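What follows is a short report on a single structure.
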Amino acid sequence: MKKIILWALVVIAASCGDPKDEPSGGGQVPDGPQTPDKTSTAGFDKYTEANIYSRNVKLKISLPMQGFSLDSDGSIWYTQTDGTIKQNMYISKGKPNKGTDPVNATSELMTLTYCGHGTNTAIEEVGNDRYVWVGCFGSANSSGQYWTEKLIGRVKFEHGKTKATDDFDEYYYIGNQTDMHPSIDAEHDLLTINYGGQGTGNERCFVVYKLSEAKNAPKTEVEISCTNGFRTGNAASTDQTSVIVRARDLTAISPVAKPKFSKQGYAASGSTYYSWQGFDVNGDRLYYTEGNDNYGLTGGFGTSSYAYVTVFDMDGKVVEERTQIKAIADSDWTTKMGMSVFGTFESEGVKVKGDKIYLGFGGRYITDSNTTYYQDILVYDKPSK
């Protein structure tokens, strides 16, 4: 039986750095790899009420979601993590809210603990069951935030249950990597995993597998190191512990693709970049989002919120240039739509389904005195290239 050692402080390939969603600032940067015809076909500059898929949805805690998934029954799966100490991750299901009155999406709720940040999670439909795919075995940092996920976990959704990171149905190992976030494209039988590491590399790195092959990959024992909160109950502990996990070994199968690109080099020189806010893969395209709300950018409401989408191919080349989502920067429109009088929206996730692209946002201030976070999703025609 093969046994693989994966330590917490390992420095992975220098090209693949830490993918935390912190603002990356501006400055002069070189143009990234691009195809000759990269002009965006996305219609993100035009918007009406028809572009609102769902608005003003309240989750378990008053914080923005980390991301979302879409169900074939038309409902939405939300991922949310705790505030100060982030050992809890909440997975909840709700229907799209077409009206302006806030609604709750907590009638179907499961809690996952000690996993990680949850920037990207995925829902897999298996008959009437749903399985959550998520980065797991994360480590708490000095601020109580969980990062550096060592494996991808798969766990059946069960309403009302709490499952710890070491009690999932299955685990997936992609090699000596860390900071993992999954995406599933069931239509094209694809599992994509974003990964990073403890190094200082400046690229986003992804590996794409056939989902059916990944679920049948051979199993092996993997020894990993992470903080020990899941064993001691002290969620803020930064003490390390060693864990042996039986996982499907994805290094034993051939990936479909391994796209990567510069964190700041995929737009024109001098571009200002914002926090990474999730990705999705659909067919041979990778959809990548970034953004920050106006309050987080300035400590006040003097500027617009910003969100962007860039589309890459499976070689990591730009095929649809970085394009701004103009609706969330228009506070007059968001006020009229009953979503935010200050236009305060943090980009939170992207999903592509059929011929549509869905963009998630954590919004605040549906009135000038309501500081509660509500979740919003806009929908557009999928970029055509």
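Treat the numbers as computed from the prediction; the structure is a model and nothing was measured.
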Identified side chain to side chain contact (heavy atoms under 4.5 Å, CB included) partner of M89 from the options V132, T111, T113, V134: V134
Name of the residue among F137, Y209, Y195, W133 meeting ring pair (Phe, Tyr, Trp, His ring centres under 6.0 Å) with Y172: W133
Short N-O contact, E125 and R130, less than 4.0 angstrom: yes
Matching residue for Y306 among Y273, Y274, F361 - test: ring pair (Phe, Tyr, Trp, His ring centres under 6.0 Å): Y274
K215 bridged to E124 by N-O distance under 4.0 Å: yes
Check: F301 ring centroid to Y365 ring centroid under 6.0 Å: yes
Sub-6.0 Å ring centroid separation between F206 and F261: yes
Minimum-distance pair of heavy atoms, taken over all atoms of C115 and E149: O-CG, 3.5 Å
Electrostatic pair E320-K382, nearest N-O below 4.0 angstrom: no
Aromatic plane relationship, W276 with Y288 - under 30° parallel, 30 to 60° tilted, over 60° perpendicular: parallel
Pair D313 + K317: basic N to acidic O under 4.0 Å: no
Residue among E346, E290, Q66 satisfying side-chain hydrogen bond (donor to acceptor under 3.5 Å, both in side chains) with Q277: E346
